[in-house]
2 protein chains.
Amino acid sequence: MTQAARPARAARAPRRDAVRNYERIVEAARDAFGESGADACMDEIAARAGVGVGTVYRRFASKDALIDELLRLAMAELTTAAGHALARDDGHGLDELLRALGQSFADHASYAHLLLERQPDADAARRLRTAMQELTARAAAAGTIGPSVTIDDVMALVRAMRGLAHDSGAHVMDDWQRFLDIHLTGLRAGSSAGR
Amino acid sequence: MTQAARPARAARAPRRDAVRNYERIVEAARDAFGESGADACMDEIAARAGVGVGTVYRRFASKDALIDELLRLAMAELTTAAGHALARDDGHGLDELLRALGQSFADHASYAHLLLERQPDADAARRLRTAMQELTARAAAAGTIGPSVTIDDVMALVRAMRGLAHDSGAHVMDDWQRFLDIHLTGLRAGSSAGR
DNA sequence: AGGTATCCGGAATACGGATTCCGGTTAGAG
DNA sequence: CTCTAACCGGAATCCGTATTCCGGATACCT
């Protein structure tokens with residue numbers, strides 16, 4: 001019934017160049033933020049995308065809106081990863097999700113810090129947190145991590161990894177893996193991390 | 001001989017209000033950056049210090065210069081801490097220095113991330129790094145940490161703690177301690193943190 | 001107390017970057 | 001092929017902040 005129900009308000013499919021530019025802009029934004037830090041200016045983004053600033057603003061109401069879009073996309077990836085992790089029934093789902101987070105932070109290093117604040121999709125964020133909570137419980141049950149490890153400990157680890165990704169050093173790209181391994185060792189051993 | 005050797009170019013001691021304002025400004029800057037993030041504006045800093053912007057600029061050539069001063073002060077504290085840590089001859093000097101770093105990051109959370117980049121005192125930074133290297137070696141020798149732990153691992157931990165301090169959550173103020181304990185456990189246990 | 005080198009406040013200016021506007025183009029329906 | 005809704009580029013505008021300037025206040029020496 002809906003199939004032919006809008007000759008009155010037919011939304012003509014967007015023009016080709018429009019979609020093409022949309023994609024270019026998103027990618028250009030990632031590059032720009034990646035290089036010039038989170039304060040790359042709109043002019044540069046537009047230049048990288050090979051379009052004028054006006055075009056950028058036709059797609060994104062503001063710079064913030066553009067950033068929000070990047071965050072939404074990144075969060076979508078994480079949601080998928082969380083799904084995968086929850087599907088496992090051994091005690092290694094948490095481990096898997098943490099690695100996905102680390103990779104995501106590395107991929108989107110320049111604006112990763114925003115993923116833990118200004119989260120445009122509060123719902124997704126909440127679901128992700130819930131997943132981590134569940135996975136933490138399972139891991140504790142399976143003995144993959146110590147029984148006294150709390151969700152806060154895991155969140156701290158997440159924030160720490162984000163910080164690790166922040167630098168733009170040469171080798172930093174995979175430092176986080178070794179770091180994560182070490183910390184997981186600590187989580188496994190520690191049953192009463194002092195203090 | 002130097003005691004009375006500069007009537008020609010006597011540098012009259014600075015006026016009282018001048019020194020008082022200097023201190024007020026530094027403190028105000030810390031507060032401002034702490035609350036409004038690292039992009040607090042000069043007007044606000046001046047207001048908090050109870051002086052006009054002009055006064056701020058008489059002391060600090062620019063906003064950057066002001067930030068550099070904060071960094072220098074923080075780095076001075078760390079240099080002291082490093083001295084303390086090196087003075088110990090048990091294997092816990094590294095541990096001590098790491099705690100000092102964590103505390104420093106917590107204290108200067110708002111601009112802590114700059115301590116690892118834009119370091120105005122390159123010399124101090126180098127010395128600090130050398131100290132950490134020495135302490136890492138000693139800790140490894142004493143068995144406080146695994147033998148395969150490298151200085152890079154330790155640096156990663158430092159960067160991670162800095163990231164941890166970045167958030168301005170309520171309880172974050174001492175999350176880092178628990179986090180550090182856990183990670184140290186990992187460093188002690190791991191002798192071949194795989195990959 | 002008097003004189004003056006210093007210091008202060010805050011309005012005025014300089015600047016950079018976000019956002020808006022509009023005349024010129026172009027994809028794609030008929 | 002023609003026409004027009006959509007789309008484009010980038011100059012012009014707006015706005016928030018850093019930085020400069022200078023006519024008064026003030027601390028400190030004599």
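Below, chain A is the first sequence line, B the second, and so on; all start at residue 1.
Note: CZ (F60(B)) to C1' (dT20(D)) measures 18 Å, nearest angstrom. Going from atom CD of E44(A) over to atom C1' of dG10(D) covers 17 Å, rounded to whole Å. Atom-to-atom, CE of M42(A) to P of dG17(C) comes out at 13 Å; the value is rounded to the nearest Å. The CD atom of E23(A) sits 16 Å away from the C1' atom of dC7(D) (whole-angstrom rounding). The CD1 atom of I25(A) sits 14 Å away from the C1' atom of dG10(D) (whole-angstrom rounding). Straight-line distance from the CZ atom of R20(B) to the P atom of dC8(C): 8 Å, rounded to whole Å. One atom, CZ of R24(A), and another, C1' of dC8(D), lie 13 Å apart when rounded to the nearest Å. Rounded to an integer number of Å, the gap from CD1 of I45(B) to P of dT17(D) is 12 Å.
Here R16(A) lies in heavy-atom contact (under 4.0 Å) with sugar-phosphate atoms only.
Ranking dC7(D), dC7(C), dA18(C) by closeness to the D17(A) side chain, first place goes to dC7(D). Nearest to the side-chain atoms of R58(A) among the listed nucleotides dG9(D), dC7(C), dA11(D) stands dG9(D). The nucleotide whose nearest atom lies closest to any side-chain atom of V53(B) is, among dA18(D), dG10(C), dG9(C), dG10(C). Relative to the side chain of K63(A), the nucleotides dT17(D), dC7(D), dA18(C) differ in distance, and dA18(C) lies closest. Out of dA5(D), dG9(D), dA11(C), the shortest distance to the side chain of R15(A) is found at dA5(D).
Using the six-membered ring where Trp is involved, F179(B) and H183(B) have ring planes that are parallel, under 30° apart on the 30 and 60° scheme.
At dC7(D), none of the side-chain N or O atoms of N21(A) fall inside 4.0 Å of OP1 or OP2 (strictly under the cut-off).
In terms of position on DNA chain D, the residue among A18(A) and Y57(B) whose nearest nucleotide sits closer to the 5' end is A18(A).
Side chain to side chain, E44(B) and S36(B) meet the donor-acceptor criterion of an N or O pair below 3.5 Å.
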With salt bridge (charged side-chain N to carboxylate O under 4.0 Å, His left out) as the criterion, how do D152(B) and R178(A) come out once you've worked through the C-alpha distance, each side chain's angles and the decisive distance to 0.1 Å?
CA-CA 10 Å; D152(B) 286 331; R178(A) 188 167 159 85; over 6 Å; no
**Prompt:** Stepwise, does the side chain to side chain contact (heavy atoms under 4.5 Å, CB included) test hold for L187(A) with L157(A)?
**Reply:** CA-CA 10 Å; L187(A) 286 177; L157(A) 171 55; 4.3 Å; yes
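Between the CG atom of L184(B) and the CG atom of L94(B) there is a distance of 7.5 Å, given to the nearest 0.5 Å.
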